[in-house]
Amino acid sequence: MFRISNTLVGVLNILTMFLGLAALGGSAYIHIHGGANGNDCQKVLQYPLLFGGLFVFVISMLAIVGSLCRVNAALYIYLLVAFFFIVGLMLFTVFALFVTNKKVGEQVSGKGFKEHRIGDFSHWLQHYVINDQRWSEIKSCLMDARLCQNLAVHGGRNNNDSLIFKPLSTTQSGCCTPPERCGFTMKNTTFWEVPKTGPTVTDPDCTTWNNSKDKLCYDCNSCKAGVLADIRNQWRHLTIFNVCVLILVTIVYVLGCYAIRNNKLDSKYDEYHRYRTYP
């Protein structure tokens with residue numbers, strides 16, 4: 001018998017099955033084409049895509065078999081996994097809201113971006129992102145991505161013959177330019193002249209800045225704070241996405257419960273007719 005809940009569960013999980021296959025394909029692409037030319041940032045994605053794609057594919061297949069082929073054992077496993085996924089996603093969403101709840105930053109006049117300080121962020125986010133080992137990996141990724149190239153509008157200068165910056169992300173403003181409070185004079189987007197009397201304030205970031213394009217302010221606290229600010233913004237967007245996924249998965253979970261009930265009713269219906277046909 002046709003059951004709409006079974007059909008919806010099957011169709012939705014066919015879509016997620018293709019998402020799982022796409023993730024597996026992305027992992028294979030990174031493995032094959034990354035090689036010696038791939039940077040560390042790309043390689044970091046390889047195994048999460050592999051295991052995440054495999055997990056989604058297997059779970060989707062269980063739902064498809066359970067809903068469309070009327071196999072309740074597969075549906076029970078699927079619903080058990082879905083239940084733990086819903087609980088885990090709810091906890092992670094609350095946690096993400098908790099660690100990204102601060103919103104501060106000092107607006108830099110005329111530059112169109114804010115300067116952040118490490119103290120603007122939750123202690124957990126600070127400890128997780130800017131410990132020595134992890135920061136070394138992040139810094140390598142930033143340099144591989146050529147974060148600090150082409151920061152100015154091509155040929156754009158204002159009336160004071162100063163370069164006009166493109167809209168900078170918080171990471172670019174923290175890693176590619178010295179803090180405004182240092183009082184450096186800009187010669188170009190990555191070369192700043194230190195006053196003969198030295199920086200206007202005593203700040204470790206002012207002495208850490210280096211005009212070398214492979215150093216700049218990558219080891220500055222302002223760079224770390226800029227990365228934290230971008231991560232915080234991304235997590236806020238992720239929280240909205242998580243809520244949408246949570247609603248969708250909950251709906252599929254309820255449909256799965258109805259699909260199990262439908263399978264049981266169909267099984268009883270088939271047994272009844274077999275008994276009537278073959279007394």
Side-chain angles (χ1 to χ4, degrees), residues 39-45 47-49 51-52 83-109 111-145 147-148 151 165 167-182 199 201-209 215-250:
N39 59 47
D40 292 337
C41 302
Q42 293 174 329
K43 292 177 182 177
V44 164
L45 296 174
Y47 290 108
L49 283 174
F51 294 116
F83 173 77
F84 284 112
F85 178 79
I86 290 170
V87 172
L89 191 60
M90 289 177 62
L91 292 175
F92 175 76
T93 301
V94 172
F95 174 75
L97 287 171
F98 177 75
V99 299
T100 60
N101 61 345
K102 290 187 177 181
K103 186 178 181 180
V104 288
E106 181 182 349
Q107 185 73 37
V108 179
S109 176
K111 293 294 192 301
F113 56 80
K114 288 183 177 181
E115 286 185 352
H116 293 268
R117 299 175 186 267
I118 292 178
D120 295 347
F121 306 92
S122 67
H123 292 295
W124 183 90
L125 205 57
Q126 294 178 42
H127 176 74
Y128 179 76
V129 175
I130 61 176
N131 62 71
D132 291 338
Q133 179 180 354
R134 187 163 284 109
W135 182 250
S136 178
E137 297 171 355
I138 292 173
K139 183 170 67 173
S140 175
C141 289
L142 295 176
M143 289 189 287
D144 286 341
L147 177 76
C148 296
L151 299 182
F165 280 96
L168 301 183
S169 69
T170 50
T171 299
Q172 286 176 320
S173 66
C175 302
C176 306
T177 63
E180 184 82 0
R181 57 187 175 275
C182 295
V201 295
T202 303
D203 189 310
D205 284 1
C206 299
T207 55
T208 301
W209 168 264
K215 294 182 180 178
L216 299 178
C217 222
Y218 287 121
D219 289 315
C220 296
N221 287 329
S222 63
C223 181
K224 298 174 182 179
V227 171
L228 288 174
D230 275 343
I231 289 175
R232 182 174 61 189
N233 291 336
Q234 291 167 7
W235 274 40
R236 285 174 177 165
H237 296 147
L238 180 62
T239 300
I240 298 172
F241 175 77
N242 284 348
V243 171
C244 296
V245 171
L246 190 59
I247 294 171
L248 178 62
V249 174
T250 303

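Heavy atoms only: backbone and side chains are in, while hydrogens, waters and symmetry mates are out.
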Enquirer: Between Cys220 and Cys217, is the SG-SG gap under 2.5 Å?
Expert: yes

Enquirer: Output, in order, the C-alpha distance, side-chain angles, deciding distance and verdict of side chain to side chain contact (heavy atoms under 4.5 Å, CB included) for Leu89 and Val249.
Expert: CA-CA 10 Å; Leu89 191 60; Val249 174; 5.6 Å; no

Enquirer: Give, for atom OG1 of Thr239 and atom CD of Gln234, the distance between the pair rounded to the nearest 0.5 Å.
Expert: 11.5 Å

Enquirer: Would you give the length of the straight line joining atom CG of Asn233 to atom OG1 of Thr170, rounded to the nearest 0.5 angstrom?
Expert: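 So the CG of Asn233 and the OG1 of Thr170 are separated by 6.0 Å.
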
Enquirer: CG/Asn242 to OG1/Thr93 distance, rounded to the nearest 0.5 angstrom?
Expert: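 Between Asn242 CG and Thr93 OG1, I get 4.0 Å after rounding to 0.5 Å.
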
Enquirer: Please report the closest heavy-atom contact between Phe121 and Gln126, naming both atoms and the distance.
Expert: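 The answer is O-NE2, 2.7 Å.
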
Enquirer: So His123 and His127, side chain to side chain contact (heavy atoms under 4.5 Å, CB included) or not? Walk me through it.
Expert: CA-CA 6 Å; His123 292 295; His127 176 74; over 6 Å; no

Enquirer: Decide if atom CZ of Phe95 counts as having more than 12 heavy atoms of other residues, nucleotides or ligands within a radius under 6.0 Å.
Expert: yes

Enquirer: Decide side chain to side chain contact (heavy atoms under 4.5 Å, CB included) for Val227 and Trp135; before the verdict, give the C-alpha distance in whole Å, the side-chain angles of both, and the deciding distance to 0.1 Å.
Expert: CA-CA 10 Å; Val227 171; Trp135 182 250; 3.7 Å; yes

Enquirer: Between Asp219 and Thr208, does any side-chain donor sit less than 3.5 Å from a side-chain acceptor?
Expert: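 Absent: no donor and acceptor within the cut-off.
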
Enquirer: Got Asp203 and Asn221 here, is their nearest side-chain heavy-atom distance under 4.5 Å?
Expert: no

Enquirer: Just how far is it from atom SG of Cys175 to atom CH2 of Trp209, taken to the nearest 0.5 Å?
Expert: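 Between Cys175 SG and Trp209 CH2, I get 10.0 Å after rounding to 0.5 Å.
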
Enquirer: Does the cation-pi check pass for Arg134 over Tyr128, that is, NZ or CZ under 6.0 Å from the six-membered ring centre and within 45° of its axis?
Expert: yes

Enquirer: Side chain to side chain contact (heavy atoms under 4.5 Å, CB included), that's the test. Do Asp205 and Arg181 meet it? Break it down for me.
Expert: CA-CA 10 Å; Asp205 284 1; Arg181 57 187 175 275; 3.9 Å; yes

Enquirer: Below 4.5 Å, heavy atoms only, C-beta onward: do Leu246 and Phe241 meet side chain to side chain?
Expert: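 In short, these two side chains do not touch, never coming nearer than 4.5 Å.
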
Enquirer: If you measure from NZ on Lys215 to CE on Met143, what distance do you get to the nearest 0.5 Å?
Expert: 10.5 Å

Enquirer: Using modelled atom types and a 3.5 Å cut-off, is there a donor and acceptor pairing between side-chain atoms of Ser136 and backbone atoms of Gln133?
Expert: no

Enquirer: Can the SG atoms of Cys148 and Cys176 be said to lie under 2.5 Å from each other?
Expert: yes

Enquirer: Sequence neighbours excluded, which residues qualify as ring pair (Phe, Tyr, Trp, His ring centres under 6.0 Å) partners of Phe92?
Expert: Trp235

Enquirer: How far does CD of Glu180 sit from OG of Ser173, to the nearest 0.5 angstrom?
Expert: 11.0 Å

Enquirer: Looking only at heavy atoms, which two atoms of Ser222 and Gly174 are closest? And how far apart?
Expert: OG-O, 3.0 Å

Enquirer: Could you tell me which non-hydrogen atom of Gln172 sits nearest to which non-hydrogen atom of Leu147, and how far apart they are?
Expert: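 Scanning both residues, the minimum pair turns out to be NE2-O, 3.2 Å.
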
Enquirer: If the condition is side-chain contact (heavy atoms from CB on, under 4.5 Å), which residues does Phe51 pass it with, not counting sequence neighbours?
Expert: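 Phe51 satisfies side-chain contact (heavy atoms from CB on, under 4.5 Å) with Tyr47 once adjacent residues are dropped.
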
